[in-house]
Amino acid sequence: MNNMGPLLLLSLLSLWGTAVRAEDGASTDGKSPAFCGERECPKFQLIQQYDSFELRAYEGSQWVTTELDDGFLGFGMVTSFRRLFNYISGKNSQEKKIEMTVPVLIQYPLKDTGRNATMSFFLSPSLVNPPKPLDPAVYLENTSPLSVYVMSFGGYALDYDYKKKAKALAEKLRNLGLSFDDSVRTTAGYNDPFTLINRHNEVWYKAK
């Protein structure tokens, strides 16, 4: 399993290396947090800052989503990423190229909820009517406003790192008596594999 990281990284490099960029003159509102870099990300308000995590309130947003494949040695993640990447690269009902955004969101059910793990790309609110996916394994979804507890950390993050941070966040929330939904663990990645420094990763739990 220790060899999975470099192999998975090389696979994702080939996809991120051709990520769709904004058209000339396109820009975000300039109010995105620094960790979003030059890419658009969902808007939120910081409700409370704790010692090692924070509570955010996110606006309703739209996403393009697919199930997360297990695959051999984690390569199913590459397959799921490729489905979403193909959608924003023009494999959609309008043959429209859509700018890559952040974060790449992965939701893992932790209990028997009947749901499968999913991977999602954020879609800009400027896409009033997003084109429909052509791949039946890809679908559009809208999320209502929600509040989430977030723990951030740096470096190249693999599944082990996300699990470790999620466990730490859950323990802190329980110790403080803060109510959260422990049926789903969410991970958020903000950087392409070419970013060597100031990398930003997050784990989320939905606040109750």
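Quick caveat, the model's predicted, so the values are computed rather than measured.
- Ring geometry, F35 versus F44: the interplanar angle falls under 30°, so the pair is classed parallel (tilted spans 30 to 60°).
- In this structure, CD on Q94 lies 8.5 Å from CG on L127, to the nearest 0.5 angstrom.
- Rounded to the nearest 0.5 Å, atoms CZ (R185) and OG (S183) are 12.5 Å apart.
- Of all the heavy atoms in Y87 and P130, the pair that sits closest is OH-CB, 3.8 Å.
- With hydrogens and angles ignored, the 3.5 Å screen pairs no side-chain donor or acceptor of N92 with any backbone N or O of P133.
- Closest approach of L140 to L123, counting heavy atoms only: CD2-CD1, 3.8 Å.
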What's the verdict on salt bridge (charged side-chain N to carboxylate O under 4.0 Å, His left out) for R56 and E202, showing C-alpha distance, side-chain angles and the deciding distance?
-> CA-CA 12 Å; R56 298 176 186 168; E202 298 174 348; 2.7 Å; yes
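- Looking at T118, its side chain never comes within 3.5 Å of a backbone N or O of T65 through a donor-acceptor pair.
- Without hydrogens or angle criteria, T66 side chain to A137 main chain gives a donor-acceptor distance under 3.5 Å.
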Could you walk me through whether D69 and M77 pass the side-chain contact (heavy atoms from CB on, under 4.5 Å) test, one step at a time?
-> CA-CA 6 Å; D69 290 358; M77 182 176 295; over 6 Å; no
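- Under the 4.5 Å side-chain criterion, counting only non-hydrogen atoms from C-beta, P103 is in contact with P42.
- A distance-only check finds a donor-acceptor pair linking the side chain of Q62 to the backbone of S124 [under 3.5 Å].
- Taking a cutoff of 4.0 Å between a charged side-chain nitrogen and a carboxylate oxygen, K165 and D161 do not qualify as a salt bridge.
- Ring centers of W204 and Y58: under 6.0 Å apart, within the cut-off.
- Neither side chain, T101 nor R39, offers a donor N or O lying under 3.5 Å from an acceptor on the other.
- Looking only at distances, no side-chain donor or acceptor of Y50 sits under 3.5 Å from a matching main-chain atom of Y149.
- A distance of 15.0 Å separates OG of S147 from CZ of F180, quoted to the nearest 0.5 Å.
- Note that OG1 of T187 and CG of N201 are 9.0 Å apart. Values are rounded to the nearest 0.5 Å.
- Interatomic distance, Y162 OH to T186 OG1, rounded to the nearest 0.5 Å: 11.5 Å.
- When atom types are taken as modelled, the side chain of N191 and the backbone of T195 share no donor-acceptor pair closer than 3.5 angstrom.
- Each of F85, F81, Y139 was scored for a ring pair (Phe, Tyr, Trp, His ring centres under 6.0 Å) with F121, with one residue passing: F81.
- Separation of atoms OH (Y205) and CG (L169) is listed at 6.5 Å; rounding is to 0.5 Å.
- Both tests pass for R199 against the ring of Y156: distance under 6.0 Å to the centre and angle within 45° of the axis.
- Considering all non-hydrogen atoms of both residues, V102 and C36 come closest at CG2-O, 3.8 Å.
- Looking at E171, its side chain never comes within 3.5 Å of a backbone N or O of N175 through a donor-acceptor pair.
- Nearest heavy atoms, C41 versus F122: C-CE2, 3.5 Å.
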